[in-house]
Amino acid sequence: MLDINYIRQNPDEILAMLHNRQLSAEEPKLHRVLECDKERKGLVQRSDALNAERNKRSKEIAEKKKKGIPPSEYEMIYEIVQDENRQIAEINTKLRPLEEEIENILLALPNKLDSSVPAGRSAADNEIFGEPVSFVHDLDFPVKNHLELGKSLGILDFERGAKISGAGFPAYIGKGARLERALINFMLDTHTERHGYTEVFPPFLVNQESLRGTGQWPKFADQVYHIGEDDLYAIPTAEVPVTNLHRGEMLETKSLPISYAAYSACFRREAGSYGKDTRGFLRVHQFNKVEMVKFTRPEESYAALEQIRSHAEAILVALKIPYRVLLLCSGDISANATKCYDIEVWSPAEQKYLEASSCSNFEDYQARRSNIRFKPDSKSKPEFVHTLNGSGLATSRLMVSLLEHYQTPEGHIRVPEALQRYTGFEEI
RNA sequence: GGAGAGGUGGCCGAGCGGCUGAAGGCAACGGUUUGCUAAACCGUCAUAGUUCUUAUAGGGCUAUCGAGGGUUCGAAUCCCUCCCUCUCCGCCA
């Protein structure tokens, strides 16, 4: 969330940001929060003054009592104090809902935008970052899509997955399962051994506070699976548990930047998106992903974003999978991020790019929500760290592109060289 | 599931109705000492809001001892509810 002080001092900037994000409808929230803030200040001042009075009189009582003066001689002080307490209570009953409203609006307002984010209305306005990266694959025959390949080879089973859970819960069978696991292991090893990340295997169920910490709550509450019995939520991404690893902590300055890589299954309800890209792996309720998360000093976060992006790209380069990078425009970038790159892999069967990674800088937006701080130096006050994350990568769309690119005219799959030591076989 | 113990500052830990925003220790920072390192000694050292001033600093006031509520003139301290952690027993992977 944003700092209320910052909003108060730069309302025009926030307003411009909302327009840029195509969220002009949120404008009343901005006005309302400023109004509430002003009102709160007045109430707090009155309540503080009354508290000061009350405390002074209480001390008076204590002193008189200590001197052994009989209570009958200062009965009237009790009355005054009680009256002051009534007034304080009255102010507090007004203050509480006000503070709650401020908190709720702050939680709902989107993040600032970095100046390098291109202005745009929708996904169509995203900028292609750099050149699309291609690799030669001889596909001069009628290509099958990943569904046909998965079915004919018996490595992906959507029907049985649907039987046991519902649509969007694929089962990987035999060499398909092994390939999936190989991808995960390859990515984790690359990030930990070559890119310097510390591996984390996080909990897959989290509490609501964790969702709020990273910004999935309250905004995306309807996209998250909820286990009512224990009031826990299935993580939509490892970003949630891994970022929350340090919730409420004062980080050792010399430990920054902190870099984590984590595998997790990811669960998404995808409510409201039925009928859109629903085939096979294009949109599923459960998928696997290796996530990179970084905590940095504020001045280092944009350099760290480029690192995360390049670390995600390194996986695709190693696997020789064609991709392009998008710099998301102001109208398409998620509410939590100040800047975001999407990495899209090419699908020869669909003849389009599929999103396989999203690398974002959140600056202090998540850190403020989850109170993750550090002291720039021993004398200075605590500051919020910057948090970032990027998929490195999600396996589902990656698997689509991999199966389709590495298919043979006979309908088999060659295993990319980089994965062979992980699969233990060269062909499916 | 049953029984018990506990949640205090960056960390450990004392406090169990007013003198406690909080002893003591560790860490950190400044200094003295020192050939260097170490040690010793002295000092500084929570966060937020608000206000004042001789205003890149200092002072006053307010709030904060897991969260919320209650008792009281006054609560870290007493009572209630909730959350979390730990220990033991039971059950089970």
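The shown structure was predicted, so the numbers you read here are calculated from the model rather than taken from an experiment. Residue numbers begin at 1 in each chain, while the letters A, B, ... track the order of the sequences.
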Taking N or O atoms only and anything under 3.5 Å, show me the protein contacts with nucleotides 16-18 of chain B, one pair per line.
from	atom 1	to	atom 2	distance (Å)
B:G18	O6	A:Lys65	NZ	3.1
B:G18	N2	A:Ser58	O	3.1

OP1 or OP2 of [N] less than 4.0 angstrom from a side-chain nitrogen or oxygen of [X], does that happen here?
X	N	result
A:Arg96	B:G69	yes
A:Gln45	B:U62	no
A:Gln82	B:C73	yes

Between atom [atom1] in [X] and atom [atom2] in [N], what is the gap in whole Å?
X	N	atom1	atom2	result
A:Glu209	B:C82	CD	C1'	14 Å
A:Ile372	B:U47	CD1	C1'	17 Å
A:Asn55	B:U50	CG	C1'	15 Å
A:Arg368	B:U47	CZ	P	16 Å
A:Glu99	B:G68	CD	P	11 Å
A:Met250	B:C45	CE	C1'	12 Å

A:Gln216 and side chain to side chain contact (heavy atoms under 4.5 Å, CB included): which single residue from A:Ile235, A:Val206, A:Thr237 fits?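 The single option meeting the side chain to side chain contact (heavy atoms under 4.5 Å, CB included) with A:Gln216 is A:Thr237.
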
Please determine, for the side chain of [X], which listed nucleotide ([options]) has the closest atom?
X	options	value
A:Ala52	B:C73, B:C61, B:G69	B:C61
A:Lys41	B:C73, B:U50, B:A48	B:U50
A:Arg54	B:G74, B:U51, B:G49	B:G74

Please confirm whether [X] makes a cation-pi placement over [Y], using NZ or CZ under 6.0 Å from the six-membered ring centre and within 45° of the ring normal.
X	Y	answer
A:Lys175	A:Phe425	yes
A:Lys112	A:Tyr6	yes
A:Arg414	A:Tyr406	no

Once you measure the plane-to-plane angle for A:Phe281 and A:His146, does it fall in the parallel (<30°), tilted (30-60°) or perpendicular (>60°) bin?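 Plane angle under 30°, so parallel.
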
Heavy atoms only, 4.0 Å cut-off, all strands: where does A:Asn5 land among base, sugar-phosphate and nothing?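 Counting heavy atoms under 4.0 Å across all strands, the contact made by A:Asn5 is with sugar-phosphate only.
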
A:Arg297 side chain to A:Pro376 main-chain N or O, any donor-acceptor pair under 3.5 Å?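 Checking the backbone N and O of A:Pro376 against the side chain of A:Arg297, a donor-acceptor pair under 3.5 Å is found.
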
What residue pairs, at least two apart or across chains, pass side-chain hydrogen bond (donor to acceptor under 3.5 Å, both in side chains) with a residue in residues 193-204 of chain A?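 Output for this query lists A:His191-A:His195, A:Tyr197-A:His311.
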
